[in-house]
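Working notes, structure below.
Any value given below was found using the heavy atoms of this structure, including those in side chains, with hydrogens, waters and symmetry copies removed. Lettering follows sequence order; numbering is per chain, from 1. What you see is a predicted model, and the numbers here were worked out from it, not measured in a lab.
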Protein chains: 2
Amino acid sequence: MQLTQATDYSFRVVLYLAALDPGAIVSAKDISTHENVPMRFLLKTLRSLVKAGILRSYRGPDGGYALAKQPENITLRDVIEAVEGPLYINRCFIDEDYCSKHWTSACPVHRALGDVQRKLVQELDKHNFADLLAHNRQDQGKNSGRLLVSVSTG
Amino acid sequence: MQLTQATDYSFRVVLYLAALDPGAIVSAKDISTHENVPMRFLLKTLRSLVKAGILRSYRGPDGGYALAKQPENITLRDVIEAVEGPLYINRCFIDEDYCSKHWTSACPVHRALGDVQRKLVQELDKHNFADLLAHNRQDQGKNSGRLLVSVSTG
DNA sequence: CCATTGTATACCCGAGTGGTATAGTTTACT
DNA sequence: AGTAAACTATACCACTCGGGTATACAATGG
């Protein structure tokens with residue numbers, strides 16, 4: 001019941017890109033040093049984000065990555081599902097055959113968990129990266145005014 | 001971001017016990033065959049539930065397990081945390097040092113995830129096993145009247 | 001004292017997470 | 001064209017953890 005490290009990295013990466021000028025292209029190396037993510041691992045993770053349509057990649061010299069959407073159109077859920085696949089809190093939602101009894105519809109636990117999952121997804125959908133940035137900027141004003149472009153999730 | 005199989009088993013076990021007469025003692029073997037859970041694995045899992053105060057165990061002949069609380073005082077969250085430990089959707093909630101940047105409080109992702117987690121826990125707390133049983137009984141009335149004591153989560 | 005239960009500890013296997021290596025392919029620039 | 005700077009694809013490795021098993025032990029009732 002925990003997000004993977006790759007997902008956590010991805011949050012940082014998207015937030016980092018969202019804080020830059022719209023459409024800005026940044027190399028993987030740049031992101032790696034800036035966000036403290038191992039280069040090779042980052043590359044692998046970035047591909048998931050590209051495949052999911054969250055980032056665009058540009059090859060060749062001066063290539064790199066940029067957001068493929070507006071920050072307000074990228075939610076926490078989008079990033080999670082891009083990296084980890086569709087969100088299911090219990091196996092019986094993925095594979096009906098998983099349960100040895102096959103009483104999916106009649107099972108009260110299944111129903112309750114479905115309820116919980118729906119709420120969870122709703123909640124994750126509420127948070128987009130424009131909002132996250134806005135919160136960040138608020139803090140800067142309140143605290144120091146120092147540029148907190150490089151943001152961690154910890 | 002998924003519950004373990006042990007947790008899923010535990011849901012079934014608690015629901016099974018909750019459906020019996022209050023205080024009824026059932027042997028692990030009985031539970032194992034009834035709920036289709038490998039004996040040895042079940043025993044290990046049951047210990048977690050005992051340690052968490054959800055079940056009581058009785059040794060010796062005619063020993064076994066019984067609920068240690070009323071079903072309405074056992075929630076989905078209780079069972080999850082009994083088996084998997086405290087519920088944290090991201091590592092930075094467990095270990096502040098996990099994040100390479102140590103900006104926990106200033107991090108907007110951390111804040112947003114904290115928000116989500118709070119809602120998730122709230123939601124899990126809403127579902128107790130008395131309610132789950134009630135739903136189950138409703139279905140029986142509607143469908144067949146057949147006794148659905150042995151319930152799966154799938 | 002013995003059979004029937006649960007308890008404790010330790011081990012095993014496979015899958016998945018986290019990370020690395022290597023050999024490409026695309027593109028801009030000269 | 002050629003070359004260097006980027007991303008891409010594939011495969012590999014170490015380690016952890018989930019799922020499950022084995023063995024020896026402790027408590028309890030008859």
When you measure from the side chain of [X] to the backbone N and O of [Y], does any donor-acceptor pair fall under 3.5 Å?
X	Y	result
B:Thr45	B:Phe41	yes
B:Glu84	B:Leu3	no
B:Asp21	B:Ala24	no
A:Gln117	A:Leu87	yes
B:Gln2	A:Met1	no
B:Ser32	B:Ala28	no

Interface limits on DNA chain C, where chain A has a heavy atom under 4.0 Å of a nucleotide atom: C:dG18 to C:dA28

Output side-chain donor-acceptor pairs under 3.5 Å for residues 51-80 of chain B, partner residues at least two apart or in another chain, one line each.
residue: B:Thr75; atom: OG1; partner: B:Arg77; partner atom: N; Å: 3.3
residue: B:Thr75; atom: OG1; partner: B:Asp78; partner atom: N; Å: 3.1
residue: B:Thr75; atom: OG1; partner: B:Asp78; partner atom: OD2; Å: 3.2
residue: B:Arg77; atom: NH1; partner: B:Asp125; partner atom: OD2; Å: 2.9
residue: B:Asp78; atom: OD2; partner: B:Thr75; partner atom: N; Å: 2.9

B/S/- contact track for nucleotides 6-18 of chain D, protein heavy atom under 4.0 Å: BSSS--------S

